[in-house]
Number of protein chains: 2
Amino acid sequence: MKPRAVEKKKACTIADIAREAGVSKSTVSRALNDNPLIGDGTKQKINAIAKKRHFQINMPARRLTLKQSNTIAFVTHSMYKQFSVCDLFTMEILGGITSGLKEQGYDLLMLFVDPCDADWPAQHLAAGRADGFILMTSTRKQAHIKMLVEMDAPFIAWGIPHPKYSYCTVIGDDLTGGKLAAGHLAGLGRKRIAFLGGPSEEKEVSLRFEGYSTALQEAGLIVDPLRVVHGDYSDKSGAEKMRSLLDRAPDLDAVFVNSDLMAIGAMQVLREIGKRVPEDVAVVGYDNLSITEKVTPTLTTVSQNIPLVGKLLAQNLLQYIRTRAVTHTTVPVELVVRQSA
Amino acid sequence: MKPRAVEKKKACTIADIAREAGVSKSTVSRALNDNPLIGDGTKQKINAIAKKRHFQINMPARRLTLKQSNTIAFVTHSMYKQFSVCDLFTMEILGGITSGLKEQGYDLLMLFVDPCDADWPAQHLAAGRADGFILMTSTRKQAHIKMLVEMDAPFIAWGIPHPKYSYCTVIGDDLTGGKLAAGHLAGLGRKRIAFLGGPSEEKEVSLRFEGYSTALQEAGLIVDPLRVVHGDYSDKSGAEKMRSLLDRAPDLDAVFVNSDLMAIGAMQVLREIGKRVPEDVAVVGYDNLSITEKVTPTLTTVSQNIPLVGKLLAQNLLQYIRTRAVTHTTVPVELVVRQSA
DNA sequence: CTGAAAGCGCTTACAG
DNA sequence: CTGAAAGCGCTTACAG
């Protein structure tokens with residue numbers, strides 16, 4: 001009995017506009033796509049009618065015809081339960097990506113992949129759900145990259161390029177990052193500057209270490225292996241490795257930590273054992289997550305310009321899809337000085 | 001010269017399978033959709049071929065035919081620059097949503113809307129990009145809700161239902177949350193418990209206040225208006241309002257803060273003026289963001305079971321789309337005791 | 001239990 | 001500058 005708003009369903013199509021304008025569907029389609037063949041008068045008339053009728057093009061139909069989805073999938077891990085602060089970096093990047101994508105008329109799909117799943121690329125590419133991928137996953141990233149390269153799937157990844165495969169990448173300038181961080185600590189007059197790194201097998205970490213070494217040498221300091229440890233980026237490992245650092249080199253007066261989360265963990269340990277930050281031990285983190293401004297003391301850190309990273313991931317991937325041009329982009333970093341160093 | 005992997009493009013279609021199986025496309029379609037009309041033998045043969053050929057159904061075609069996108073859009077604000085910690089709550093909820101959606105074969109689209117944009121619902125619904133929306137936006141939420149209700153768009157929103165409109169909602173149990181928080185503080189023996197609330201016009205905040213009042217009364221304490229202030233959930237406003245609270249009621253010995261971020265801001269102020277947490281002032285937050293475990297002292301807070309919230313948002317929206325059943329779900333809360341109280 | 005046919009709404013050679 | 005027609009890959013009455 002009650003009137004269902006079914007009439008709303010009869011979405012206005014190109015055919016409706018053609019009828020009203022007294023032209024063919026071809027003409028309407030061309031006019032709406034601003035095809036130069038169509039006369040200005042015709043175009044205006046058609047656009048006016050489209051506006052009046054609140055015409056919305058049917059994307060599935062368009063995608064079917066064009067054989068492209070105008071959609072990019074953002075690939076990350078399912079946490080199964082929820083996001084954790086560990087994903088902050090990933091999350092903060094989303095804003096930049098969507099805005100870069102939107103500028104070019106692309107949608108962003110969230111894709112949480114199971115680390116063991118090998119079928120997701122086909123399920124999205126062949127199925128016409130997405131035209132390409134943005135890879136932020138850390139776990140099993142190499143395996144995913146190999147898979148994607150082998151199936152010639154368009155994607156871009158955050159991180160140092162793999163030497164054997166050719167694909168688009170965006171990375172931060174880790175060498176400079178390490179140099180800035182350690183240089184700042186040296187400039188503060190610190191003499192026994194430790195390095196609390198990410199996983200030692202990661203190229204990013206080696207580069208940061210190289211920057212760190214360079215800065216120490218330039219400051220006339222030596223790189224003491226006792227003051228170098230490696231963790232896994234998490235705040236937990238930051239705490240743990242800070243402890244072993246203090247065991248091995250109890251006299252350290254500064255530490256360059258490879259992630260903000262690790263730095264937060266490290267600062268907690270320092271506080272627990274009664275060391276003041278920055279008075280006794282100065283701390284520099286990495287990533288400039290927004291969380292760095294909320295902790296006490298606020299964290300001096302290396303900023304990767306996350307919005308820019310997002311935008312570049314979007315733009316370079318779309319460029320690759322269109323031109324197959326493989327880009328490797330290094331994003332500049334800068335030191336953000338706060339209270340901890 | 002170099003062989004382009006173009007042959008990969010000839011995605012296998014239903015017609016290919018039909019040819020190979022020696023049946024009609026209709027039969028293949030039915031078999032693949034597990035239509036009971038099709039004989040088991042036929043089904044098995046067809047499924048085997050589909051598997052062998054790595055068949056992936058073409059989603060745009062399917063969506064065009066079925067007139068539904070099997071996609072839900074997650075609506076939030078474009079930060080224009082990047083996510084901030086303010087969006088942590090929103091972000092943490094994404095995992096639960098996607099998993100709930102995936103279970104039912106739906107994709108999740110990220111939609112960053114401009115607060116003033118009024119066109120996004122049509123651009124997604126009428127265009128066949130999405131079948132419904134999940135609303136997490138706080139700014140201008142009411143305006144968006146009004147718009148969606150008026151155009152009869154399927155959506156679900158996080159927050160207390162609007163009295164005049166009928167739509168699906170999911171909320172936390174704010175009354176109990178307030179009671180748990182204040183009750184815990186009273187149980188600790190605190191006598192002058194302050195309330196640092198969210199915006200006073202929000203129903204959620206009133207409910208938390210009501211819970212707070214109840215708990216105080218049950219503990220034989222009085223609710224002193226001098227110990228009640230309101231902010232806007234941000235850590236900045238937490239700091240600011242904590243200051244005015246201390247001005248007005250310098251003798252307070254505990255504070256129930258309506259968001260973890262505000263609580264973090266408040267704790268910074270307390271530390272600055274030399275009050276120890278929890279010794280001098282005990283602090284309870286709200287939301288149980290993962291950040292609460294990273295701050296010092298770790299934050300006692302009210303947990304909203306974020307993964308469950310996400311899952312319910314997904315499930316109830318899909319249910320609404322299918323049945324038009326309007327649900328209002330209240331998610332249980334629990335107190336998570338850490339160091340700050 | 002299976003098939004032929006129409007249709008979903010668009011785009012784009014091809015022909016004027 | 002414009003139109004008729006075919007086609008993208010699927011689903012589903014309708015007819016056996």
Side-chain angles (χ1 to χ4, degrees), chain A residues 9-47 49-50 53-71 105 122-129 131, chain B residues 9-47 49-50 53-71 105 122-129 131:
Chain A
K9 280 291 163 199
K10 69 147 194 19
C12 164
T13 74
I14 249 184
D16 299 324
I17 297 182
R19 197 174 315 117
E20 179 160 349
V23 298
S24 72
K25 291 191 300 173
S26 323
T27 300
V28 174
S29 172
R30 292 192 181 104
L32 259 19
N33 288 304
D34 204 28
N35 183 314
L37 288 178
I38 304 296
D40 278 350
T42 321
K43 257 182 203 169
Q44 280 170 18
K45 182 166 65 173
I46 289 173
N47 281 322
I49 296 176
R53 292 251 166 285
H54 297 103
F55 171 75
Q56 288 292 343
I57 200 166
N58 182 304
M59 292 307 283
R62 176 172 233 265
R63 288 166 178 171
L64 173 58
T65 304
L66 262 28
K67 290 167 162 310
Q68 68 172 43
S69 65
N70 275 245
T71 300
Q123 276 175 5
H124 288 261
L125 239 34
R129 284 174 149 109
D131 301 331
Chain B
K9 280 291 161 196
K10 70 148 193 22
C12 162
T13 73
I14 248 184
D16 299 325
I17 297 182
R19 198 173 316 116
E20 179 161 350
V23 298
S24 71
K25 291 190 301 173
S26 322
T27 301
V28 174
S29 172
R30 291 192 182 104
L32 259 20
N33 288 304
D34 203 29
N35 183 314
L37 287 179
I38 303 296
D40 278 350
T42 320
K43 257 183 204 171
Q44 280 171 18
K45 180 166 67 172
I46 289 174
N47 280 322
I49 297 176
R53 292 252 165 283
H54 297 103
F55 171 75
Q56 287 292 343
I57 200 166
N58 182 304
M59 292 308 283
R62 176 171 233 266
R63 288 165 178 170
L64 173 58
T65 304
L66 261 29
K67 289 168 163 310
Q68 68 171 43
S69 65
N70 275 245
T71 300
Q123 276 176 4
H124 289 261
L125 240 34
R129 284 175 150 111
D131 301 330

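Order of the sequence lines sets the chain letters (A, B, ...), proteins ahead of strands, with each chain counted from 1.
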Which residue in the set B:I38, B:I14, B:I57, B:T65 passes side chain to side chain contact (heavy atoms under 4.5 Å, CB included) when paired with B:S29?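 Single pass found, and it is B:I14.
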Can you name the one residue among B:I17, B:N33, B:T13 that meets side chain to side chain contact (heavy atoms under 4.5 Å, CB included) with B:V28?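 The passing option is B:I17.
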Mind checking the C1' distance from D:dT12 to D:dG16? Whole angstroms is fine. 15 Å
Write down the distance separating the P atoms in D:dC14 and D:dC10, rounded off to the nearest Å. 24 Å
Kindly determine whether A:R19 and A:D16 satisfy side-chain contact (heavy atoms from CB on, under 4.5 Å), including the steps that lead there. CA-CA 5 Å; A:R19 197 174 315 117; A:D16 299 324; 3.4 Å; yes
Separation of C:dC1 C1' from B:N35 CG (nearest whole Å): 10 Å
Produce a footprint string for nucleotides 9-16 of chain D: one letter per nucleotide, 5' end first; B if the base is under 4.0 Å from any protein heavy atom, S if only the sugar-phosphate is, - if neither. BBBBBB--
Worked verdict on B:T27 versus B:S24 for side-chain hydrogen bond (donor to acceptor under 3.5 Å, both in side chains): CA-CA 5 Å; B:T27 301; B:S24 71; 3.1 Å; yes
Could you write out DNA chain D as a dot-bracket string, with dots for unpaired bases, | for bases paired across to another strand, and Watson-Crick or G-U pairs counted at under 3.5 Å? |||.||||||||.|||
side-chain contact (heavy atoms from CB on, under 4.5 Å), that's the test. Do A:N47 and A:L32 meet it? Break it down for me. CA-CA 7 Å; A:N47 281 322; A:L32 259 19; 3.6 Å; yes
Any donor and acceptor pair, going by atom type alone, linking the side chain of A:N35 with main-chain N or O of A:L37 inside 3.5 Å?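 Present.
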Side chain B:R63, main chain B:S69, donor-acceptor under 3.5 Å: yes
I'd like to check the salt bridge (charged side-chain N to carboxylate O under 4.0 Å, His left out) partners of B:K25; sequence neighbours left out, ordered by chain and number.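 So B:K25 forms no salt bridge (charged side-chain N to carboxylate O under 4.0 Å, His left out) with any residue.
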